[in-house]
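The chains referred to below are lettered A, B, ... by the order of the sequence lines, with proteins before strands, and numbering in each begins at 1. Note that these values count all heavy atoms, side chains included, but never hydrogens, waters or copies made by symmetry.
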Number of protein chains: 2
Amino acid sequence: MKKGQVTIRDIALKLDISISTVSRALRNSPEIKLETRKKVLRTAEEMNYSPNVVAQSLRVNKTKTLGIVVPELASHFFAANISGIQDTAYKRGYNVMICQSNENYEQEKSDIRTLISSRVDGLLISLSRETKQYEHLTNLYEKEIPFVLFDRIYEELPVTTVTVNDTQGAYQATKHLIGQGCKRIAFMSGPEGLYICKKRLDGYEKALREVGIEVDPQLIAHSDLTERSNRSLTEDLLKLKSRPDAIFALNDPVAVDVMKVLKEKGIKIPGEMALVGFTNMPFSDALDPSLTTVDQPAYEMGKLAANNLLDQLIDPEGFQPRTIVLETELVMRKSSQKK
Amino acid sequence: MKKGQVTIRDIALKLDISISTVSRALRNSPEIKLETRKKVLRTAEEMNYSPNVVAQSLRVNKTKTLGIVVPELASHFFAANISGIQDTAYKRGYNVMICQSNENYEQEKSDIRTLISSRVDGLLISLSRETKQYEHLTNLYEKEIPFVLFDRIYEELPVTTVTVNDTQGAYQATKHLIGQGCKRIAFMSGPEGLYICKKRLDGYEKALREVGIEVDPQLIAHSDLTERSNRSLTEDLLKLKSRPDAIFALNDPVAVDVMKVLKEKGIKIPGEMALVGFTNMPFSDALDPSLTTVDQPAYEMGKLAANNLLDQLIDPEGFQPRTIVLETELVMRKSSQKK
DNA sequence: CTGTTAGCGCATTCAC
DNA sequence: GTGAATGCGCTAACAG
C-alpha cells in the first residue's frame, strides 16, 4: 500500500470544499448539487483517486469480502467451485479471500480464525477430510457469522448447504454397471467419515439391494485418497478369490489411479473390469478408455453457494437456511460399456 | 462481520486497565509486565477476542494481504500457482485476495483497480491472453505499488518476473522429436502476442535450425486456445500435402485436443504422428498414449513469486527486481517415443 | 511499566 | 446543499 494515495481530504483541499461534500458526491448522494458532484468526480478522476476500502470497511463495519476455505486449491473440482464463487461475488461487488486447509483440521480452524480477523462478511466452507469435530462451525453459528457449506458439508447445523445429490449419482453409476451385466461391483471409497463417502456409499448400496445383490464388505475399500493408497487397494481387490468385474470409484482422480493399475496388469477395460468415476473432470473424456463418470456441476455449485450467502448478507432478516441439492448426470463413456 | 465482536476496549474495561496496555500486551510488547500480559491474554481468550485486522490495517497503512490476478482459476496450472502463493503467504502472515480476468483485458484492469482499492500490499499478476497494452502495469509501477509478474509476463518494466525457461523447454521438446527421427515437426501455438508463445516459438525454431531443418510457416499454427480452434487447426495440419510427422503443442490441454483428433482419424501415436505437450498437468501420464511433455513447476513458481514479493514488501530499500527463470524438464513418455 | 492523546480515511449525524 | 464534528478499532508517540 502506498503512502502517496490520494484521499477525499486531498480532493476537498484542492476544490476548497469540505470533506463531507466530497464523500457525499463520491457516493452519489442525492442532496449534492449536480455541478459540485461533477466537479468532484472529475478531480477525483484527475487525481487518480482510489477509495480506501479499508477505511470504508472500518466505518461501516462491512468489508464486502467473502472468505473461502477449501481443502485444496489445485484440484479441479475446488478450483471450479472457487471460480464460480469469485465470478458471482465480483459481479455483486464483493471480493474473495481464499485459504486452503490442505485437508488438515487444525489448518482449517486457523483459516477460519484468520478470515474472521479479516472481518469477512461471510464464509464459504468445504471441510477437510480430517475434520471430525465441528466446534469451529457451531462457534461461527453462535457468533452469528453467516456461512455456507458446500460439497464437504456438516449437516447438523441450520445453515445453507450446497451439494450434489451424491446418493443419486452413486445410485445411477451403480445401476448403470448392473445394466452392463456386472455382478460384483466394488466401491473404491475414501475416508469413512467424509460426507460424500457416506452419501455415495448409500447410493451404491441402494442400487445393489434393489436388484437383490448382497452388499459384500470385501468390495468396499476406504482409501485415504493418495495415489499410493488408491493403487494398493486396487491391487487388493484384484487379489480377491472372487474378483470384482466392475469398480465404481469415489471420484475421477481415484478412477485414474485404478485405471493405471488395471492397465499395468493388462486387465481389459471395460471387458474384464468396468470402471466408473465421479466428477467429470476435464480430460476424463481423453483417457483411454474414456471414463464413464457422474458429472458434478462445480462452477454452478460455487455460484449457487455464493449467491445464497450474498442474499443472506443483504437481507439477514428474510433469511432462511436452504439445503440445496444439485442433480447429477451420468456421462456414459467407454470405460463401462460392455455392449 | 458481526456487531458483537469484542474489542480491546472491552478487554480493557473488564480488566480496568487502559486500552493501550491491552494493545501492547496483545502484541507482546516487551515493556509490559509479564503478569499483566498473561492476564490480558487470558481474558482475550475467554472473551473470544479476535483482533480487527481492518482497524489495524487502517492504522498501520498495511493490510498484510496480497492481490492475485490470473487469467483463469479452473486451470490446473494457475490453480497450482495460486496454491504455492497462498501457502507461502499464509506462512509469512499474509492473506491473499484473488481475482480472475477470464482472459479479458478490461476485466484485468478492473481487477487490479479493485485490489488497489482494497489496499493490498502487493500484487502478483499473470496477464490475460488479450492483454496487448500495458498502461495498467506502468501505472502500478509509477505509483510504486509493488508487484511481481509470473508466467504471462511483460518484460519492459524493471519488476520481478518469474517464468520457466520457455525457450529452453520448447527447445528440449523439439530436439527430442528430432532425435526420434521426426522430419516435419509442427508447432501448435497460441495467440501470437502471448509471451509464452513467442518464447516457445523461439526454442522450437532454434532446435530446427540447429540441425539444418528449415522453419516452415505452414507448420506453425496459432490457436485461440479453444477446443474448437485446436481441433480445426489440427485438421488443417493433417490436410497439408506434406503432412507433419510430429506436433509440438503449446501446452497439455492443446495436446489433448490434438490427440483426440488424431485418434478419431485413426492416426497412430507416436507411429504416424509423435506428440509432445507442455506443462505436465495431472493425468497427462494417464492419457493413452501417455503424453510426453515439458514439466513446469507451477507450485514452485507461485512460491517463488510470493516469496520475492514479500521480501520486497519487508525490505523495500534493499529491493532489486529479479528475473527468475526456472528450468524445465522434459518428461519422456509414450506419445513421442518411436523407438 | 502504564495511561493519555491523537489520528489512520471515511460515512454520518447534526447544524446551518 | 454544505460544513463541522464524531467515531469505527487500533497503534504509536508522548508523558509520567
Side-chain angles (χ1 to χ4, degrees), chain A residues 1-41 43-44 47-65 93 114 116-121 143, chain B residues 1-41 43-44 47-65 93 116-121:
Chain A
M1 184 150 59
K2 270 303 285 94
K3 23 219 77 187
Q5 292 281 18
V6 340
T7 70
I8 53 171
R9 192 154 171 280
D10 299 324
I11 302 181
L13 245 47
K14 183 155 186 174
L15 256 37
D16 198 31
I17 54 179
S18 82
I19 279 185
S20 13
T21 306
V22 177
S23 172
R24 282 188 272 248
L26 253 18
R27 323 191 66 252
N28 289 322
S29 160
E31 36 179 10
I32 293 289
K33 215 196 317 180
L34 182 64
E35 195 192 341
T36 353
R37 180 184 332 191
K38 276 189 176 170
K39 206 169 49 176
V40 170
L41 257 29
T43 47
M47 300 178 74
N48 210 343
Y49 169 77
S50 149
N52 188 329
V53 171
V54 177
Q56 286 178 332
S57 299
L58 181 60
R59 184 61 182 73
V60 304
N61 203 29
K62 281 202 167 44
T63 53
K64 292 263 201 172
T65 106
T114 304
I116 294 306
S117 279
S118 290
R119 296 297 188 267
V120 293
D121 292 341
K143 277 187 174 172
Chain B
M1 183 150 57
K2 271 304 283 91
K3 24 218 77 190
Q5 290 282 19
V6 340
T7 71
I8 53 171
R9 192 154 171 281
D10 299 324
I11 302 181
L13 246 48
K14 181 155 189 176
L15 257 37
D16 196 32
I17 56 178
S18 84
I19 278 184
S20 20
T21 304
V22 176
S23 172
R24 280 188 274 249
L26 252 19
R27 323 186 64 252
N28 287 323
S29 161
E31 35 180 9
I32 294 289
K33 213 198 316 181
L34 181 65
E35 196 192 340
T36 357
R37 180 185 328 187
K38 275 189 177 169
K39 204 168 51 179
V40 170
L41 257 29
T43 48
M47 299 178 74
N48 211 344
Y49 169 77
S50 148
N52 187 330
V53 171
V54 177
Q56 287 177 332
S57 298
L58 181 62
R59 185 60 182 74
V60 303
N61 202 29
K62 281 198 167 43
T63 54
K64 292 266 202 168
T65 106
I116 294 306
S117 278
S118 292
R119 296 296 189 269
V120 294
D121 292 341

Report task. Would you indicate what B:I19 reaches in the nucleic acid, counting non-hydrogen atoms under 4.0 angstrom: base, sugar-phosphate, or nothing? Result -> base
Rounded distance (Å) that lies between atom [atom2] of [N] and atom [atom1] of [X]:
X     : N      : atom1 : atom2 : value
A:I17 : D:dA4  : CD1   : C1'   : 14 Å
B:K64 : C:dC8  : NZ    : P     : 22 Å
B:N52 : D:dG7  : CG    : P     : 18 Å
B:R9  : D:dT11 : CZ    : C1'   : 16 Å
A:I11 : D:dG3  : CD1   : P     : 14 Å
B:D16 : C:dT4  : CG    : P     : 10 Å
B:N61 : D:dC10 : CG    : P     : 18 Å
B:I8  : C:dT4  : CD1   : C1'   : 14 Å

**Report entry** Qualifying residues under salt bridge (Lys or Arg N to Asp or Glu O under 4.0 Å), relative to A:R24, sequence neighbours excluded
**Finding:** A:E31
Report summary line: Per atom distances to the A:K33 side chain, the nearest of D:dT2, D:dT11, C:dC1 is D:dT2
Query raised in the report: Would you say the base of C:dA11 and the side-chain of A:S20 have a donor-acceptor pair closer than 3.5 Å?
Result: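 Counting by modelled atom types and ignoring angles, no donor-acceptor contact under 3.5 Å is found here.
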Query - Side chain B:T36 and base C:dT2 donor-acceptor under 3.5 Å - result: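 Counting by modelled atom types and ignoring angles, no donor-acceptor contact under 3.5 Å is found here.
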Validation: residues 8-19 of chain B side-chain donor-acceptor distances under 3.5 Å, sequence neighbours left out:
unit_1	atom_1	unit_2	atom_2	d
B:D10	OD2	B:T7	N	2.9
B:S18	OG	B:S20	N	3.4
B:S18	OG	B:S20	OG	3.2
B:S18	OG	B:T21	N	3.2
B:S18	OG	B:T21	OG1	3.0

Quick check on [N]: is either OP1 or OP2 less than 4.0 Å from any side-chain nitrogen or oxygen of [X]?
X     : N      : answer
A:Q56 : C:dA11 : yes
B:S18 : C:dT4  : no
A:Y49 : C:dG9  : no

Query - Pairing residues for A:T36 by the side chain to side chain donor-acceptor pair (under 3.5 Å) criterion, not counting sequence neighbours - result: none
Requested in this report: With sequence neighbours left out, write down each residue that passes side chain to side chain donor-acceptor pair (under 3.5 Å) with A:S23, or none if nothing qualifies.
Outcome: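 Once residues adjacent in sequence are excluded, A:S23 has no partner under the side chain to side chain donor-acceptor pair (under 3.5 Å) criterion.
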Query - Bend angle of the helix from C:dC1-D:dG16 to C:dC16-D:dG1, end axes from five pairs each (to 10°) - result: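 That helix gives 40° between its end axes.
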Query - Toward the 5' end of DNA chain D, by each residue's nearest nucleotide, B:R59 or A:I32 - result: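 Mapping each residue to its closest nucleotide by heavy atoms, the 5'-most match is A:I32.
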**Report entry** CG-OH distance between B:L41 and B:Y49, expressed to the nearest 0.5 angstrom
**Finding:**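 The OH atom of B:Y49 is 11.0 Å from CG of B:L41, to the nearest 0.5 Å.
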Query raised in the report: Are side-chain heavy atoms of A:Q5 and B:N61 found at a separation under 4.5 Å?
Result: no
Query raised in the report: For residues 22-31 of chain B, which residues have at least one heavy atom under 4.0 Å from DNA chain D?
Result: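 By residue number: B:S23, B:R24, B:R27.
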**Report entry** A:L26/A:V40 under side chain to side chain contact (heavy atoms under 4.5 Å, CB included): CA gap, chis, key distance, verdict
**Finding:** CA-CA 7 Å; A:L26 253 18; A:V40 170; 3.8 Å; yes
Query - Test item: side-chain donor near acceptor, B:R119 and A:S50, under 3.5 Å - result: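 Yes - a donor-acceptor pair under 3.5 Å links their side chains.
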**Report entry** Nearest non-hydrogen partners of B:T63 and B:S57, listed with the distance
**Finding:**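 Minimum heavy-atom separation between B:T63 and B:S57: CA-OG, 3.5 Å.
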